[in-house]
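Okay, structure first, notes after.
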Protein chains: 2
Amino acid sequence: MELNERKKKILEVIIRDYINTAEPVGSRTLSKRCNLGISPATIRNEMADLEDLGYLVQPHTSSGRIPTQKAYRYYVDEIMEIRKLEKMIRTDIHRGFLNTTTELGSTMDHTARVLSQLTNYTAVVLAPRVTNFNCRNVQIVSLIKNRVLMVVVTNEGMAKNIEVALSQDVDNALALKLSNVINGFLKNTNLSDLSSELVDRIQEMTPEESKLIHEIIPHLKKVLLDEDSEVHSTGLTNLFNYPEFSDVNKIKQLINLVQEKQVLSEMMTNNNGNQVIRIKIGSENDNENLKDFSIITSTYELDGEMMGAFGVIGPTRMNYDNVSSVLNYIRNELNLHISNLLMK
Amino acid sequence: MELNERKKKILEVIIRDYINTAEPVGSRTLSKRCNLGISPATIRNEMADLEDLGYLVQPHTSSGRIPTQKAYRYYVDEIMEIRKLEKMIRTDIHRGFLNTTTELGSTMDHTARVLSQLTNYTAVVLAPRVTNFNCRNVQIVSLIKNRVLMVVVTNEGMAKNIEVALSQDVDNALALKLSNVINGFLKNTNLSDLSSELVDRIQEMTPEESKLIHEIIPHLKKVLLDEDSEVHSTGLTNLFNYPEFSDVNKIKQLINLVQEKQVLSEMMTNNNGNQVIRIKIGSENDNENLKDFSIITSTYELDGEMMGAFGVIGPTRMNYDNVSSVLNYIRNELNLHISNLLMK
DNA sequence: TGTTAGCACTCAGTTATTGCGAGTGCTAAT
DNA sequence: ATTAGCACTCGCAATAACTGAGTGCTAACA
C-alpha cells in the first residue's frame, strides 16, 4: 500500500515532531507546523486514514496520535536520507581520531565516547574480533610457579592474552623454549589446524615439554574464540533524560542489556542483510530486553574483512537520520584509522 | 553524651526496624516489637530525648521517627557486632572460591558476584595494584611495524601490559633482544630506579637499540602506576529494588559513581584508620556522588602488603552488621586464595 | 468531490475538598 | 517514674469538579 504525497508529508511531520517532543501530535499543532495550507479538519481526515493503515495510534481517544513501529520503518525506508554531516563536525571527529593514542583499546573507547556525545544516546563499540584472523606469533611468559601468560599476536598485529595454570612449573627459560617451539609450528600451519599429531612429530623435546605443549594448544585456540571480552559502552545515563526512561524498570532492562556483552556482541556482528547501516526498531530486535528500544549499528573492516561493530541504542523515537549520518561518517573514519594502525 | 541502656535499646530497635522497612517508626509499633514492657507513652518520651540528642528526626510532625546519620554511626560503633556467618554460607563461599579458575581477573569477578549476591547491594572489587610491587620480568612482543606490546611481570607473578608505538619498527628478533637487555638491568635494579645513565653504560647496543630502550623505560614505569584499569563491579540493579532508589536522579548518581573507576579506586584504597572493615556513612564520604550512600570496604593482602580492596555500596539504611560480617569472611577467603595463587 | 467551519463529545491531568489513620505532645492520675 | 487519655497534626488516598487539547461527525461551501 503506497501513500500519496500528502499523507507521506503529514506522516513525516508527525514523526519528526514526535521524535522531538515525545508528545502526541494533534491536528491543530500540525496544521501550523507544516505549511501545506490545509486545515486541521482535513488533517484529521488524513490522520484517521493513516491510523487505519497502521501508521499511527492514539494513546487514548481524544489525544493526538503517535507513530507506530510501522511508521518508523516506513520513515527509515522511504522518507529519510543519510545526510552529510556539517563540515565543522566532520573535522572535529577527524581531529579526535588523530589524537587518540596508538593503542587499539583506547581507539574503541574514543569511538564510543564520540558516538554517545554526538547522538545523545548510548553507544556500544565492539573491539576487533581476533576470531577471523590468523595467528603469527605466540609468547609464553612465565608468571609464577606453574602459571603463565599466553600472548597471541595476529598477522595484523592485534594482541590478546590469558593467564593459565599448567601442570608443571615454568621458568623464564622454559617459557622461551615453549614459545619457540610453538612459533616454529606457526611458520607452516594455522593455529586452528594445529593438532596433537603434528606436535608429536617434533623430536627434540623432553616428555615434560611435549606434555606442556599439548596443554597449551587448546588454550591458545580458546583465546582466539573468546568474544565477549571487549565491549565498550558509554552514555548509559544519556537515555535517562528522555521522558520514556523515567520508569525504573526500563532502566533496569537497559542496564541488563549492556551488561550482557556476549549477547550484544552476537547481535551486532550478525549482519544478514549486508547493509552498511543496519536499523532495528523495537520488536524487530530478537533480544527481549531490546523490544522497547531501537538500535542502529554499523561495522568496520580491514582489507574487506569485517573486524568489529559499533552502534547506538536509544528509544524507538530515535533521531534516525542524524544517528545514521553520524554512524556513516564514523565508519569511514574508523576504517581509515584502523588500517593506518594495523596495515602491513 | 552517653546513652543509658534503655535509650540504647530503643535506638537499636528503631534502627533495625527502619533498615528493614524504610518506614518511619512510631511509638506504638515499637512498644510491641521490643519486649521491654514499656508503654508507647514512655517510649515517646525517650524518643523525644533521642531526637534532641540528634539521633532521630521526624520527616514531618505527626509521623514516626527515622534514624539520622549520627544514629547509624553510633549503631556501627557502639551497638552492632560482627557475627560469624552461618556454617552453611561459609562453606558455600569457600567452595565457590575453590572453583574459580586460576586467573586473577576471574577471581575478582567471582568475588564481586558473591558479594552482591550475599548482601543485595552493589559490590565493587579492585584487582591487585601492581604499583607497590617490584618488577621481575619484562617481555617486549612485536606486534606490527613500530608497535609493540609490553608485558610487565611482578615478583609475585602478576602481569600487566600495554600497547605502544615506538619510533622504529621492531621485529621479533629485536623485541627479544630488547627484552633481554631490560631483564638484564632488572637483575640488579628496581624498575623504578632505572635511569638513563644506567642504560648508557651498556656498550653492546647499536644506537637504534639504545634509543628504543630509552623510549621503552618510561612506558614501563607508567604501566605499574596505571590504576584505574581493574575495577570490577556487580549488582548495580540490586539497589533499584529499594524504595529510596525509585528516583532516577539517584540512579544516575550511582551509575556515574561506578563508572568513575579512578575515583572509586582512590577512595577504597585510602585507609587512614588502618581498620579491617571501614564504614563510611552518607556525608562522611568525600565524594559528592556518594553523599546519599553508605559504603563498607575492606582490603586484601599478600605477605602483609596491601594488594587491593573490595566493598559494598548501598543506601545509608544499609544492613551494617550483615555486610560487615560478609566482608570480614570474604576477606579471609580472598587472602587465602590469593596467597595460594601467587605465593612463591 | 474534496475541503473546511462548527459543534458536541472524550478523557488525561490538575486542583480542591474531605476523611482517615498513624503518630505526636501534654496533662493528670497512678 | 510511668502510663492512660485526649486533643491535635499532617501526609496520604479517595472523590469530585474543572480545564483544555484533541477528536469525529455533519453540514455548508468552492
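Order of the sequence lines sets the chain letters (A, B, ...), proteins ahead of strands, with each chain counted from 1. In this text the structure is predicted, and so the values were computed from the model without any measurement.
In this structure, of C:dG25, C:dA5, D:dT23, it is D:dT23 that holds the atom nearest to the side chain of A:Q58. When the nucleotides D:dT3, C:dG23, C:dA12 are ranked by their closest atom to the side chain of A:H60, C:dA12 comes out on top. Nearest nucleotide to the side chain of B:R44, out of C:dA12, D:dC6, D:dT23: D:dC6. Among the nucleotides D:dT9, C:dT24, C:dC11, the one closest to the side chain of B:R65 is C:dT24. The side chain of B:I38 has D:dT3 as its nearest neighbour among C:dA5, C:dT24, D:dT3. Side-chain proximity of B:A41 to the nucleotides D:dG24, D:dT3, C:dT24 is greatest for D:dT3. Of the candidates C:dT10, C:dT4, D:dT9, C:dT10 carries the atom nearest the A:S62 side chain, counting heavy atoms from C-beta on. Closest to the B:R6 side chain, of the nucleotides D:dT3, D:dT2, D:dT23, is D:dT2.
With rounding to whole Å, A:N4 atom CG is found 12 Å from C:dG2 atom P. The CG atom of B:D17 sits 15 Å away from the P atom of C:dA22 (whole-angstrom rounding). Following rounding to the nearest Å, A:L30 (CG) and D:dA21 (P) show an atom-to-atom distance of 16 Å. A:N45 places its CG atom 17 Å from the P atom of D:dG22, with the value rounded to the nearest Å. Between the CD atom of A:E46 and the C1' atom of C:dT1 there is a distance of 14 Å, rounded to whole Å. Taking atom CD1 on B:I14 and atom P on C:dG23, their separation rounds to 12 Å, with Å as the unit. C:dG25 atom P lies 9 Å from atom CE of B:M47, rounded to whole Å. Rounded to whole Å, atom C1' of D:dG24 lies 13 Å from atom CG of A:D49.
Place B:P40 and B:P59 on DNA chain D by their nearest nucleotides, and B:P40 ends up nearer the 5' end.
Ion pair B:E12/B:R16 flagged as a salt bridge, since at least one NZ, NE, NH1 or NH2 atom sits closer than 4.0 Å to an Asp/Glu carboxylate oxygen. With salt bridges taken as basic N to acidic carboxylate O contacts below 4.0 Å, one links A:R73 and A:E284.
In this model, the phosphate group of D:dT3 is approached by a side-chain N or O of B:T42 to a distance below 4.0 Å at OP1 or OP2. Regarding contacts with the backbone of D:dC8, every side-chain N or O of B:T61 stays at 4.0 angstrom or more from both OP1 and OP2. For A:S63, no side-chain nitrogen or oxygen approaches OP1 or OP2 of D:dT23 to under 4.0 Å.
Side-chain contact annotation: A:T234 with A:R113, donor-acceptor N/O pair under 3.5 Å absent.
A side chain to side chain contact (heavy atoms under 4.5 Å, CB included) with A:S294 is found for one member of A:I281, A:V76, A:V323 and no other, namely A:I281.
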Derivation of the ring pair (Phe, Tyr, Trp, His ring centres under 6.0 Å) call for B:F293 and B:F245: CA-CA 11 Å; B:F293 301 86; B:F245 293 92; 5.5 Å; yes

